[in-house]
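Here is the structure we will look at, set down as structure tokens.
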Amino acid sequence: MAKIIIADNPLNDVAVAREILPASLEAVVARPGTPEFQAALADAVCIVGFGEPFMDDAFYRSAPKLKLVQLLSAGYDRCDIDAARRAGVPICNNGGANATAVAEHAILLMLAVCRRLVWQHANVASGRWRGNAVNDVKLYELKGRTLGIIGLGTIGKKTARLARAFGMTVQYYDIVRLSEEQADDLGVTFALFEEVLRTSDIVSLHVPLTKDTRQMIGAAQFRLMQPDAYLVNTCRGPVVDESALIEALSNGTIAGAGLDVFEEEPPPPDNPLFGLPNVVLSAHFAGPTQENQYTRFRNAFDNCQRVIRGEKPLWVIPELI
């Protein structure tokens, strides 16, 4: 029986993991960095979790039997990729397990900012009903608007399909181009990065955090966007220059933003975003749903079994292919 480590984390439903754990796998559930976690490394063949910054060269030396780091997330920016490469251990993401959840959350944020949902709730809850100046309130539909998707991976594609169902026109930018046939099937068109920013009513970000995407959206990019456009970010906070975003939201360079991620998480209590009326915020909660607890662990255990059988794993991150 092969031993794996499941990282104990508040975002993991360990009961689900135990329910579907294959009989061929022996799982040790431990919080990363604890003595229990460290002790299990000597015999562990796979680690299932979110990746940890302490997984450096010394870490891999302490896990001589390790064949796979299996992430339960789509993002892998917390991982030391170079250390994994030197150790010859593949890092794999979750195979799109949370893609539906994140895509739905992106649409949720689009609706919330366009219909000023938080403002409406606050008015009703405080007894102000429709506010003080009904004639000044402008609410917008998604139908007929142009969505620009930056990063057309699994999540980006699912977001595009949902947006099309709402009657939106969808354009995308990605370093990997779809074929014309694929683009036609999905109902999207390719545009250059700056073109997407200039011509989209809503820009939705779906890229991994890498050295190339860190702060890819900053002051210059906000100036390209339309003053009535919205930014939605459900990927990683540092993809956006947060200080530039705050400035753009404060001075009317863009109309608003829906954010599930921040430069620092959790954000400090004095973060200026908290005081802005044109933002909708959530707590990096786009991914975890009860449905994808099963999907994430099912994909993880399948990949563990593949590696143990001597097969190549699925969903290896691009930097390690």
Side-chain angles (χ1 to χ4, degrees), residues 2-7 9 11-12 17 20-22 24-25 27 32 41 44-103 150-158 174-179 182 205-214 234-236 239 287-288 292-321:
K3 179 178 288 187
I4 69 170
I5 301 174
I6 299 175
N9 184 292
L11 296 178
N12 293 341
I20 66 173
L21 182 72
S24 62
L25 300 179
L41 287 176
V45 179
C46 306
I47 293 176
V48 175
F50 292 103
E52 303 293 340
F54 64 75
M55 294 170 65
D56 56 10
D57 291 314
F59 169 85
Y60 285 104
R61 286 195 296 270
S62 69
K65 298 181 181 179
L66 193 64
K67 297 181 178 180
L68 174 68
V69 173
Q70 175 61 52
L71 303 179
L72 295 171
S73 60
Y76 50 89
D77 48 281
R78 289 162 52 87
C79 299
D80 186 334
I81 297 172
D82 291 332
R85 183 183 294 111
R86 286 189 288 269
V89 176
I91 298 173
C92 300
N93 70 22
N94 66 6
N98 64 348
T100 294
V102 178
I150 306 293
L152 200 71
T154 304
I155 296 172
K157 290 184 178 73
K158 286 184 180 290
D174 196 298
I175 57 174
V176 178
R177 289 280 302 269
L178 298 182
S179 68
Q182 290 170 326
L205 305 177
H206 300 281
V207 297
L209 177 60
T210 67
K211 60 181 178 60
D212 295 322
T213 63
R214 185 176 292 274
T234 54
C235 59
R236 288 293 185 267
V239 168
N292 70 41
Q293 289 285 346
Y294 284 89
T295 310
R296 288 189 294 151
F297 281 115
R298 187 178 296 118
N299 286 358
F301 296 154
D302 176 44
N303 233 12
C304 289
Q305 290 180 310
R306 288 174 184 272
V307 169
I308 291 165
R309 291 194 300 262
E311 301 172 14
K312 291 183 178 180
L314 304 174
W315 317 303
V316 178
I317 64 173
E319 291 85 347
L320 295 178
I321 294 176

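Count residues from 1 along the sequence. Remember, predicted model here, so these are calculated numbers, not experimental data.
Distance CD1/Ile4 to CD/Gln305: 9.0 Å, rounded to 0.5 Å. Between the CD atom of Gln293 and the CG atom of Asn98 there is a distance of 10.5 Å, given to the nearest 0.5 Å. The CG atom of Asn9 lies 5.0 Å from the CZ atom of Phe50; values are rounded to the nearest 0.5 Å. For the atom pair CG (Asn93) and OG (Ser73), the distance works out to 7.5 Å, reported to the nearest 0.5 Å.
Asp174 and Gly153 get closest at one heavy-atom pair: OD2-N, 4.1 Å. The two atoms that bring Gly287 and Val102 nearest to each other are CA-CG2, 3.8 Å, heavy atoms only. For the pair Ala27 and Leu21, the tightest heavy-atom approach, listed with the atom from each and the gap, is CB-CD2, 3.8 Å. Contact record, Ile81 with Leu320: CG2-CD2, 3.7 Å, taken as the closest heavy-atom pair. Between Ile6 and Ala17, the shortest heavy-atom distance links the atoms CD1-CB, 4.1 Å.
Counting only residues at least two apart or in different chains, ring-ring contact (aromatic ring centres under 6.0 Å, His included) contacts with residues 57-90 comprise Phe54-Phe59.
Arg296 contributes no side-chain N or O that, together with a main-chain N or O of Ala97, makes up a donor-acceptor pair within less than 3.5 Å. One N or O on the side chain of Thr213 and one on the backbone of Pro208 form a donor-acceptor pair closer than 3.5 Å. Panel note: side chain Asn12, backbone Gly49; no donor-acceptor pair is recorded below 3.5 Å. Of the possible donor and acceptor atoms, one in the side chain of Arg85 sits under 3.5 Å from a partner among the backbone N and O of Glu319. Between the side chain of Gln70 and the backbone N or O of Ile91 there is no donor-acceptor pair closer than 3.5 Å. A distance-only check finds no donor-acceptor pair linking the side chain of Asp80 to the backbone of Asp56 [under 3.5 Å]. Panel note: side chain Lys65, backbone Ala44; no donor-acceptor pair is recorded below 3.5 Å.
With contacts defined as side-chain heavy-atom distances shorter than 4.5 Å, the pair Leu41/Ile47 qualifies. Using a 4.5 Å cut-off on side-chain heavy atoms (C-beta onward), Val45 and Lys3 make no contact. Residues His206 and Leu152 have side chains not in contact (no heavy-atom distance under 4.5 Å, counting atoms from C-beta outward). Cys304 is listed as a side-chain neighbour of Leu68, based on a closest heavy-atom distance under 4.5 Å. Residues Leu72 and Leu11 fail the side-chain proximity criterion, which asks for heavy atoms closer than 4.5 Å. Considering only heavy atoms from C-beta on, Arg306 stays 4.5 Å or farther from Lys312 through its side chain.
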- request: Show the numbers, then the answer: is there a side-chain contact (heavy atoms from CB on, under 4.5 Å) between Asn94 and Leu71?
  value: CA-CA 6 Å; Asn94 66 6; Leu71 303 179; 5.8 Å; no
- request: Check the pair Leu66 / Met55 against side-chain contact (heavy atoms from CB on, under 4.5 Å), numbers first and verdict last.
  value: CA-CA 12 Å; Leu66 193 64; Met55 294 170 65; 5.6 Å; no
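The side-chain contact (heavy atoms from CB on, under 4.5 Å) with Asn299 is formed by just one residue from the set Asp302, Thr295, Asn303; it is Thr295.
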